[in-house]
Amino acid sequence: MLHRTIHLFRKELRLHDNPVLLAALQSSEALYPVYILDRAFLTSSMHIGALRWHFLLQSLEDLHKNLCQLGSCLLVIQGEYETVLRDHIQKWSITQVTLDAEMEPFYKEMEANIQCLGAELGFEVLSLGSHSLYDTQRILDINGGSPPLTYKRFLHILSLLGDPEVPVRNLTAEDFQKEGLSSCLPGLEKKLRVKDVLCLALHEERRCSAPDPDLAECYRVPLPVDLKISPENLSPWRGGETEGLQRLEQHLTDQGWVASFTKPRTIPNSLLPSTTGLSPYFSMGCLSVRTFFYRLSNIYAQAKHHSLPPVSLQGQLLWREFFYTVASATPNFTQMAGNPICLQICWYKDAERLHKWKMAQTGFPWIDAIMTQLRQEGWIHHLARHAVACFLTRGDLWISWEEGMKVFEELLLDADYSINAGNWMWLSASAFFHQYTRIFCPVRFGKRTDPQGNYIRKYLPILKNFPSKYIYEPWTASEEEQKQAGCIIGRDYPFPMVNHKEASDHNLQLMRQVREEQHRTAQLTRDDADDPMEIKVKRDHTEENISKGKVARTTE
DNA sequence: ATATCGTTGGCTTG
DNA sequence: CAAGCCAACGATAT
């Protein structure tokens, strides 16, 4: 029996390699492609900021256009998702809801709630994942249930698993216009596409005998102004599958560049991205990682030599998988407390200093330029992320990585629950990375790849007339030189908020202390422990946290 | 038990 | 500008 289906788009905002949408089409006589714009959810669970709102709306508009070309359309419905679903299940006599499976707790909770609703209202739920290359559960199973904590070990497990699943075929107009399928609302269909009117289900034709003139208006993709989001958008990234695919193709034409890509050698302060800059498209599912993975495999197969993980382009996709895997099996992954893999550190709470960092007012041009690019454009290079993250946490300010993570979540177009938290733990040497004596210098680090400071001049124009020898440390210029540059330090641009040498030396000592204490407590715990499990959670040894962790594990 | 090694530091030396 | 040192962690391999 064929279903009457609502397909819920959540993250996978694309028509290529979209397995659950394909399955929805194949199992349905009527299909409603829906995006529920639940502002409370997007704000409180996903913490999306203004730039990401723009990117999301652009992606929805593009999805709508692409669906229209195939004889369908996107129905955007604003409201709380459960209420919206409840209303439309009845209104449209729905028997099936399909949706992309996602791994974030808030998306999983949403899916569980939809399952419950299905049991109550009598519709089936089908969800399939396509956001990652591998099913994280299979990786965990091979590793004996616990996540691999090193990339090397992770790669080893992948070598046992083999290549990821290949992408499903692209959707075509035939999929949407097959005999007897009606896709989207009949009234809307006629409005949006006069030529190819679908063969409609009988009862739907009856219902729409008096088409609502406001139907199209009612389901359209809202504009930023409708959502009271500032129309200002300086980001060069434009959301959507079409733009994402264009950028992908553009990068793949340079096969030599693709084959020899070596991440640590890319330049954090080039004025145009030295990496692909595709992350925003992957994070919102405008692009399929499986599609990219296999396009890379094809190029590697033709190349004489190619780079390898961890530094290769494919290796970058695998880093993403690595963090998904660890996040999926670690309780409280996005926080320190109750997170068994995270070093427990007593960070300073200093709202004023945090604010300076966040608002690009640290007085270190290299740091402030990066934070300005982040704020204006929503994307910064990976190494630039390292520089500002190290500065905020173990390097200079000794402020919790969770605070930095929240700022990135709001400002980054590619913000991703697992990857963001994982990298912040990495940079703060709280997990994954342990060579804490390696501290980025906020003056020296950027100089290597941009001695003229063109990057700083672009993002901090107030400093643009300083000679190159002062551009990374303008406070060392004499009063006369500052006047000449048209920028007085302390008036037009702040003095550095810390003495880097003193701050980083001090923090290094703190970090040593933390490790020493950790070591001692682990020793104590080991001596006391009857239960060998207690040793495993030595990193986070308080009673409360252990029980929290155990509860979270068993409910998974 | 012990050795190995880590995607991307900074500094000195030859 | 490449190599080695710094001081040294901790997950994994052996």
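Predicted model only: the values in this text are computed from it and were never measured. In what follows, chains are A, B, ... by sequence order, proteins preceding strands, each numbered from 1.
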Inset, instruction - Figure out the CG/C1' separation between A/N507 and B/dG10, and round it to whole Å. - result: 17 Å
Inset, instruction - Take atom P in C/dC5 and the same atom in B/dT4, then report the distance between them in whole Å. - result: 16 Å
Inset, instruction - Identify, between A/R438 and A/R153, the residue whose nearest nucleotide on DNA chain C lies closer to the 5' end. - result: A/R438
Inset, instruction - Send over the distance from A/K501 NZ to B/dG10 P, rounded to a whole Å. - result: 13 Å
Inset, instruction - Check every strand shown and say whether A/R512 touches a base, only sugar-phosphate, or nothing at a heavy-atom separation below 4.0 Å. - result: sugar-phosphate
Inset, instruction - Determine whether the side chains of A/Q373 and A/Y455 contain a donor N or O and an acceptor N or O closer than 3.5 Å. - result: yes
Inset, instruction - Determine, for A/K447 against A/E473, whether the closest basic-nitrogen to carboxylate-oxygen distance falls under 4.0 angstrom. - result: yes
Inset, instruction - Check the distance between C/dG10's P and A/Q344's CD and give it to me in whole angstrom. - result: 13 Å
Legend entry - From C/dA7, B/dC5, B/dC11, nucleotide with atom closest to A/R444 side chain: B/dC11
Inset, instruction - Can you tell me, in whole Å, how much space there is between the P of B/dC5 and that of C/dG4? - result: 15 Å
Inset, instruction - Identify which nucleotide among C/dT12, B/dG10, B/dT7 has an atom closest to any side-chain atom of A/L149, counting heavy atoms from C-beta outward. - result: C/dT12
Inset, instruction - Would you classify A/L383 as touching base, sugar-phosphate or nothing, given that sugar-phosphate means primed atoms plus P, OP1 and OP2, and contacts are heavy atoms under 4.0 Å? - result: base
Inset, instruction - Taking only the side-chain heavy atoms of A/T150 (C-beta and beyond), determine which of B/dT7, C/dA11, C/dA7 contains the nearest atom. - result: C/dA11
Inset, instruction - With the side chain of A/H434 defined as its heavy atoms from C-beta on, choose the nearest nucleotide among C/dC9, B/dT7, B/dT8. - result: C/dC9
Inset, instruction - Could you tell me which nucleotide pairs with B/dG14 by Watson-Crick or G-U wobble geometry, both distances under 3.5 Å, or answer none if nothing does? - result: C/dC1
Legend entry - Spacing of A/F261 atom CZ relative to B/dT7 atom C1', expressed in whole Å: 10 Å
Inset, instruction - Output yes when at least one side-chain N/O atom of A/R448 is less than 4.0 Å from OP1 or OP2 of B/dT8, else no. - result: no
Legend entry - Under 3.5 Å donor-acceptor, A/H251 side chain and A/T276 backbone: yes
Legend entry - Atom-pair distance (CG on A/D505; C1' on C/dC6), nearest Å: 13 Å
Inset, instruction - Check for a donor-acceptor pair, side chain of A/R52 on one end and backbone N or O of A/E409 on the other, with a separation under 3.5 Å. - result: yes
Legend entry - Check: A/Q335 main-chain N/O paired with A/N339 side-chain donor or acceptor under 3.5 Å: yes
Legend entry - Spacing of A/L508 atom CG relative to B/dG10 atom C1', expressed in whole Å: 12 Å
Inset, instruction - Search all heavy atoms of A/A485 against all heavy atoms of A/N465 and return the closest pair with its distance. - result: O-CB, 3.4 Å
Inset, instruction - Provide the distance between the two C1' atoms, one in C/dG10 and one in B/dG10, to the nearest whole Å. - result: 23 Å
Legend entry - Nearest listed nucleotide, side chain of A/W426, among B/dT8, C/dA7, C/dG10: B/dT8
Legend entry - Atom C1', compared across C/dA7 and B/dG6: separation rounded to whole Å: 15 Å
Inset, instruction - Select one nucleotide: of B/dT7, C/dC9, B/dG10, the one nearest the side-chain heavy atoms of A/W319. - result: B/dT7
Inset, instruction - Using the six-membered ring for Trp and the full ring for Phe, Tyr or His, decide whether A/Y436 stacks on the six-membered base ring of C/dC9 (centres under 5.5 Å, planes under 30°). - result: no
Legend entry - Who pairs with C/dC6 - Watson-Crick or G-U, where each distance is under 3.5 Å: B/dG9
Legend entry - Check: A/R457 side chain, A/K464 main-chain N or O, donor-acceptor pair, under 3.5 Å: yes
Inset, instruction - Mind checking A/P309 for me? I need base, sugar-phosphate or nothing, with any heavy atom below 4.0 Å counting as a touch. - result: nothing
Legend entry - Atom P, compared across C/dA8 and B/dA1: separation rounded to whole Å: 24 Å
Legend entry - Proximity to the side chain of A/F445 - top-ranked nucleotide from B/dG10, B/dT7, C/dG10: B/dG10
Legend entry - Atom-to-atom span, CZ of A/F432 to C1' of C/dT12 - whole angstrom: 15 Å
Inset, instruction - May I have the distance from A/F433 (atom CZ) to C/dA8 (atom P), rounded to whole angstrom? - result: 15 Å
